[in-house]
Number of protein chains: 2
Amino acid sequence: MLDERKEQRRLAIEAAAYDLLAERGYAGMSMLALAKAAGASNETLYNWYGDKAGLLAAMIARNAEEVLAVIAAQAQPPRMLEAELESVGRALLTMLLGERSVALNRAAASDASGELGRALAAGGRARGMPALEAILARHGSAAPWGEAETFLALLLGDWPQRRLIGAMAMPDAGAVQARLSRAVAQFLTLRRAGAVNKR
Amino acid sequence: MLDERKEQRRLAIEAAAYDLLAERGYAGMSMLALAKAAGASNETLYNWYGDKAGLLAAMIARNAEEVLAVIAAQAQPPRMLEAELESVGRALLTMLLGERSVALNRAAASDASGELGRALAAGGRARGMPALEAILARHGSAAPWGEAETFLALLLGDWPQRRLIGAMAMPDAGAVQARLSRAVAQFLTLRRAGAVNKR
DNA sequence: CAATAACCGTACACCACGTTACGGATAATC
DNA sequence: GATTATCCGTAACGTGGTGTACGGTTATTG
């Protein structure tokens, strides 16, 4: 199969996998059911991805790339820090709380081996934090790591965890905007007070 | 079986369940394996708990009671808000990030039906927030809900989520202390600046 | 002490999944 | 066009889980 057509097939397979994860959870998403839903075969899935965890790991890697690309697209100097944080913050809220990220995180929580959790950490936080730190450093931060930590805490709060355990639906645009505005305002207040340089 | 001895048996069963959850995950914790580990029988487990999800729901309810009891024990007026937040914050960090809470949250994330997630939300946030709001109201807060939200966000950050996906071990006492001190200091800074009354 | 209730250890019926294998069909390469 | 590689749909295998049932044992109650 030509590379481009194979890539399209992969995207279709992974899209079907997200649907099944959302509907049945990690344990309930069988490779046979996925093959049927994607119009592929067992042999192809195992040939391309190795095993079930390998499929999820591939999805996690692709999702991490997409999240980083969206963050990078929103980090557009020169702009006021407030405007930049609003853009980046909205993108983070939308993607980290979205159905795909939640499905992947739930799969990681279901995986007793820890393999998926490590993959998520490697692709997510380990690469997202430096991107956010770079923005803050560009705006004069002497302790970008601490500032990034604080901003993310104020921005996300317990929403990711509540999404993960299925106790909360994706917040609507109004709730997102309210959360974003408050987080940015609170962060800037702490920053002006010199309260986020601690490590 | 006498009520007291039965209660001891339940505690032993649930302790064994926590061990198996930590080792094998929700899907891998079979009722048969649990019966063996606890020295009980399948029939007894199904008789007392109804089904597998019923067992977890019972564990979630008990854990929520224990968390609330610990929080209540730390809320001791009259004291300075800072000292009270330090006590309550340390208790929250210790219990919400502990092995048992994490095991229950992972089980909820693995449960496609959403039943366990709802149970966690009902016992955790739905009762823990009012307790924290009461403390803040007692210290003169005009918007205790917003203050409680902000304090929890600063206190916990993304630690619960990272614990949930298995990407992080339980933080040691030093890390907990550092996080706690920073969160209380930042929260009081925001409070003085009037930056946490927004809703 | 006898009768009753509850628990235990095991078996059972049913169901499902992860992964491999196979014959036939299709696509790609030479 | 022939050859080779890959994919598909299905079958098969090994393993294991959920929840119920049963005979024997133990605990509780009258």
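These numbers come from the heavy atoms of this one structure, side chains and all, not from hydrogens, waters or symmetry mates. Every chain is numbered from 1, with letters handed out A, B, ... down the list of sequences.
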Pairwise N/O distances under 3.5 Å, protein to nucleotides 23-30 of chain D:
{"residue": "dT28(D)", "atom": "OP1", "partner": "R5(B)", "partner atom": "NH1", "Å": "3.3"}

Phosphate oxygens OP1/OP2 of dC7(D): is one of them under 4.0 Å from a side-chain N or O of S41(A)?
no
Indicate yes or no: at least one non-hydrogen side-chain atom of R79(B) is less than 4.5 angstrom from one of S87(B).
yes
Mind checking ring pair (Phe, Tyr, Trp, His ring centres under 6.0 Å) for Y26(A) and listing every partner two or more places apart, or none if nothing turns up?
none
Mind checking what makes side-chain hydrogen bond (donor to acceptor under 3.5 Å, both in side chains) contact with R192(A), not counting sequence neighbours?
none
K52(A) side chain to M29(A) main-chain N or O, any donor-acceptor pair under 3.5 Å?
yes
Any side-chain to backbone donor/acceptor pair from D111(A) onto A107(A)? Under 3.5 Å, distance only.
no
Does CG belonging to D172(A) count more than 12 external heavy atoms closer than 6.0 Å?
yes
Taking only residues two or more places apart in sequence or in another chain, which ones pass side-chain contact (heavy atoms from CB on, under 4.5 Å) with E43(B)?
S41(B)
Could you check how far NZ of K6(A) sits from C1' of dT6(D), rounded to whole Å?
9 Å
Ring pair (Phe, Tyr, Trp, His ring centres under 6.0 Å) partners of residues 94-140 of chain A, not counting sequence neighbours, each pair once
none
Can you run down the ring pair (Phe, Tyr, Trp, His ring centres under 6.0 Å) pairs that involve residues 91-123 of chain B, sequence neighbours left out, and say none if there aren't any?
none
Contacting residues from residues 14-35 of chain A, given that a heavy atom lies under 4.0 angstrom of DNA chain D:
none
Do N42(B) and dT20(D) share a donor-acceptor pair, side chain to base, under 3.5 Å?
yes
Near DNA chain D, under 4.0 Å by heavy atom, which residues of residues 45-62 of chain B?
Y46(B), D51(B), K52(B)
Which residue pairs pass the ring pair (Phe, Tyr, Trp, His ring centres under 6.0 Å) test when at least one of the two sits in residues 168-195 of chain A, sequence neighbours left out?
F151(A)-F187(A)
Just the endpoints, please: which first and last nucleotides of DNA chain C, 5' to 3', lie under 4.0 Å from a heavy atom of chain A?
dC17(C) to dA28(C)
Does the distance from a Lys or Arg side-chain N to an Asp or Glu carboxylate O, for E65(A) and R127(A), drop under 4.0 Å?
yes
Residues passing the side-chain hydrogen bond (donor to acceptor under 3.5 Å, both in side chains) test with R100(B), sequence neighbours excluded, are none
Could you tell me which residues satisfy side-chain contact (heavy atoms from CB on, under 4.5 Å) with R90(B), sequence neighbours excluded, listed by chain and number?
E86(B), T94(B), Q177(B), L180(B)
